[in-house]
Protein chains: 2
Amino acid sequence: MTNRLEDLLSTLQAAATLEDLQAILETLRDHYGVEHTVYHWVNSVGERYGAGTYSAEWVDRYLEKDYLRMDPVIFVCFQRFTPVSWKELDWSSKPAREMWQDALDHGLGNQGYTIPIRGPSGQFALFTLNASLSDEDWAQFIDENARDLMILGHEFNKKALEFEQWGEDGSVPALSPRELASMGCLARGMSRAQAAAELNISEHTLRVYIESSRHKLGAMNTTHAVARALSAGIIII
Amino acid sequence: MTNRLEDLLSTLQAAATLEDLQAILETLRDHYGVEHTVYHWVNSVGERYGAGTYSAEWVDRYLEKDYLRMDPVIFVCFQRFTPVSWKELDWSSKPAREMWQDALDHGLGNQGYTIPIRGPSGQFALFTLNASLSDEDWAQFIDENARDLMILGHEFNKKALEFEQWGEDGSVPALSPRELASMGCLARGMSRAQAAAELNISEHTLRVYIESSRHKLGAMNTTHAVARALSAGIIII
DNA sequence: TTAAAACTCCCCATAAATAGCGAGGTCGCG
DNA sequence: CGCGACCTCGCTATTTATGGGGAGTTTTAA
């Protein structure tokens, strides 16, 4: 079992395209004997990226019906650090129950396990296994494989980040100390006058820093500049 | 080795206080034969939470000298998904070199390995091992233990989140879809006029959303609101 | 069903941010 | 030693954001 995992991880580390991830997920599904294995990257607007063994029909339907906004799995994973087994969730709301039935009709199994994974700048992804098993068998399966699945999920996310070149490209412009301090003050809610007082400089000088930060960050306005600085991780609230 | 890890993980799962974490980190240090093991939770104001085997003097000095703001480990981990070995980092800047020398003077080893860990609502923590070893030995050590260390780091963070009840209490206010969309537009650099056009609403309506978002987020101004929304991970650029 | 929340629109006055023009001192690097 | 980058300060005019007031409809949830 462990050797098989090592093989899969080696393959994963050699993956170069999204199709490679797709193939690995299929291998993984067969290896674990489950219905589906899915890695997908989630953001507020919709699915930005993903691979898995769900049927194209189900993926289309999921997007079309905007299930992303009512899916308890996503909702709960967004607020949790630890993985979740689907049966633990609250499926009582009407849209959730409709979605669940719809999922079963589209070939999903009755059990699921989803691992939330977070990367830099709010990046968020999910690694999911779906199966048809009794509650006891599923609990045992998860108990036995939870750790391997976490490793796998993280390796998938690592690859996805490489593909997208998220943050790793060092294209983040360097701000001077005063510029960083200025951005920091603004990000913490200070007005220009307050920030200038905090930094013991005139408001005009502060403005010069904000302007130069804006230009370096390629931002349209102060809010944009602060957002980019935060997103790039060069300031922290 | 693996059995020892299982023991440690069991102890960790039973931990109930920060002191327990502290004791486990000390056991871990002795087990791996390294100089220091540290778990700490990071935000901009300073260390919010942490446990580890660093001397009190070093922790005090670190905070006093505001090293948090110049520490390349933190800076880089904030932008990465994968762990980092300290020798890979850029220590060329003067403040970084001074900090490094200061660290050596305070009993730190010449090698380090830090794993960034992210939780819900922008929570961010680091799990660090520090040792005195040659580059080759350290590389081999990391190669052998990377996976276990990742598991350990995640278990530490899971515990820390339990202690702090992060995210469970709804401490992050829920914004309505339109409010989120408004914040998103502003974070992407649009002016109010542009954002209103983008969302197909009047500029005044947009203002209502910005205002309500501001109030929900407890922000002083628009920039602050966007910064908090980003920081909480409820919007993504 | 009914109440709460969300979504949409409008006006007015004031506060704040942006854009443009300046100038001069310090520090490090080649 | 000069060049560039950083830090500091001032002025004016225009654009934009904020804060206060109100008032309808639709959607969602108890």
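Below, read A as the first sequence line, B as the second, and so on, with proteins coming before strands; counting in each chain starts at 1.
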According to a strict under-4.0 Å criterion, is [X] in side-chain N/O contact with OP1 or OP2 of [N]?
{"X": "Arg207(B)", "N": "dG19(D)", "result": "no"}
{"X": "Thr205(B)", "N": "dC9(C)", "result": "yes"}
{"X": "Ser202(B)", "N": "dC9(C)", "result": "yes"}
{"X": "Lys216(B)", "N": "dA5(C)", "result": "no"}

[atom1] of [X] versus [atom2] of [N]: gap in Å, rounded?
{"X": "Ile201(B)", "N": "dT25(D)", "atom1": "CD1", "atom2": "P", "result": "19 Å"}
{"X": "Tyr209(B)", "N": "dA5(C)", "atom1": "OH", "atom2": "C1'", "result": "12 Å"}
{"X": "Leu180(B)", "N": "dA6(C)", "atom1": "CG", "atom2": "C1'", "result": "13 Å"}
{"X": "Leu206(A)", "N": "dC7(D)", "atom1": "CG", "atom2": "P", "result": "12 Å"}
{"X": "Glu211(A)", "N": "dG10(D)", "atom1": "CD", "atom2": "P", "result": "17 Å"}
{"X": "Met190(A)", "N": "dA16(C)", "atom1": "CE", "atom2": "C1'", "result": "17 Å"}
{"X": "His204(A)", "N": "dA19(C)", "atom1": "NE2", "atom2": "P", "result": "13 Å"}
{"X": "Leu186(B)", "N": "dA17(D)", "atom1": "CG", "atom2": "P", "result": "8 Å"}

Q. For Ser212(B) and Glu179(B), does a side-chain donor sit closer than 3.5 Å to a side-chain acceptor?
A. yes
Q: Check whether the side chains of Tyr67(B) and Asp102(B) place a donor and an acceptor atom closer than 3.5 Å, and report yes or no.
A: yes
(Q) Starting the side chain at C-beta, find the nucleotide from dC7(D), dT8(C), dA19(C) nearest to Val208(B). (A) dT8(C)
Q. How about Phe156(B) and Ile115(B): do any of their side-chain heavy atoms sit closer than 4.5 Å?
A. no
Q) When we call it a touch if two heavy atoms are under 4.0 Å apart, what does Ser176(B) touch: a base, just sugar-phosphate, or nothing? A) sugar-phosphate
(Q) Taking any heavy-atom pair under 4.0 Å as a contact, classify Thr222(A): base, sugar-phosphate, or nothing. (A) sugar-phosphate
Q. Between Phe81(B) and His154(A), does a ring-ring contact (aromatic ring centres under 6.0 Å, His included) hold up when you go through it step by step?
A. CA-CA 9 Å; Phe81(B) 178 64; His154(A) 273 250; 5.2 Å; yes
Q | Member of Val76(A), Leu108(A), Asn110(A) meeting the side chain to side chain contact (heavy atoms under 4.5 Å, CB included) criterion with Trp86(A) | A | Leu108(A)
Q: Take Leu199(A) and Ile210(B), find for each the nucleotide of DNA chain D with the closest heavy atom, and name the residue whose nucleotide sits nearer the 5' end.
A: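 Taking each residue's closest nucleotide, the earlier one in sequence belongs to Leu199(A).
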